[in-house]
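Contents: one structure, followed by commentary.
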Amino acid sequence: MSKTTNYYLVDKGVQAGDKIVFAGMDRLTDGAVINPQPLSADSVLKVMPL
């Protein structure tokens, strides 16, 4: 894994259908219940371009 200015680049360990936290990682704790809100890659790139 490596990091760009805005993104982490993951090269292994992620499967199709996995959910990834995009925002609020600083508030996550072990066992926390989260309410995922799906985002398309296009909408993420509009907010935070490469």
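The figures here come from the full heavy-atom set of this structure, side chains too, leaving out hydrogens, waters and symmetry mates.
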Running the 4.5 Å side-chain criterion over Ile, Leu, Val, Met, Phe, Trp and Tyr, what cluster does Met25 land in, apart from itself? Val21, Leu28, Ile34

Using the side-chain hydrogen bond (donor to acceptor under 3.5 Å, both in side chains) rule, collect all pairs that involve residues 12-27, keeping only residues at least two apart or in two chains. none

Residue pairs meeting side-chain hydrogen bond (donor to acceptor under 3.5 Å, both in side chains), one or both in residues 32-50, sequence neighbours left out, come to Ser40-Ser43

Sequence neighbours excluded, the answer for side-chain hydrogen bond (donor to acceptor under 3.5 Å, both in side chains) partners of Thr29 is none

Looking at residues at least two apart in the chain, or sitting in another chain, which of them share a side chain to side chain contact (heavy atoms under 4.5 Å, CB included) with Val47? none

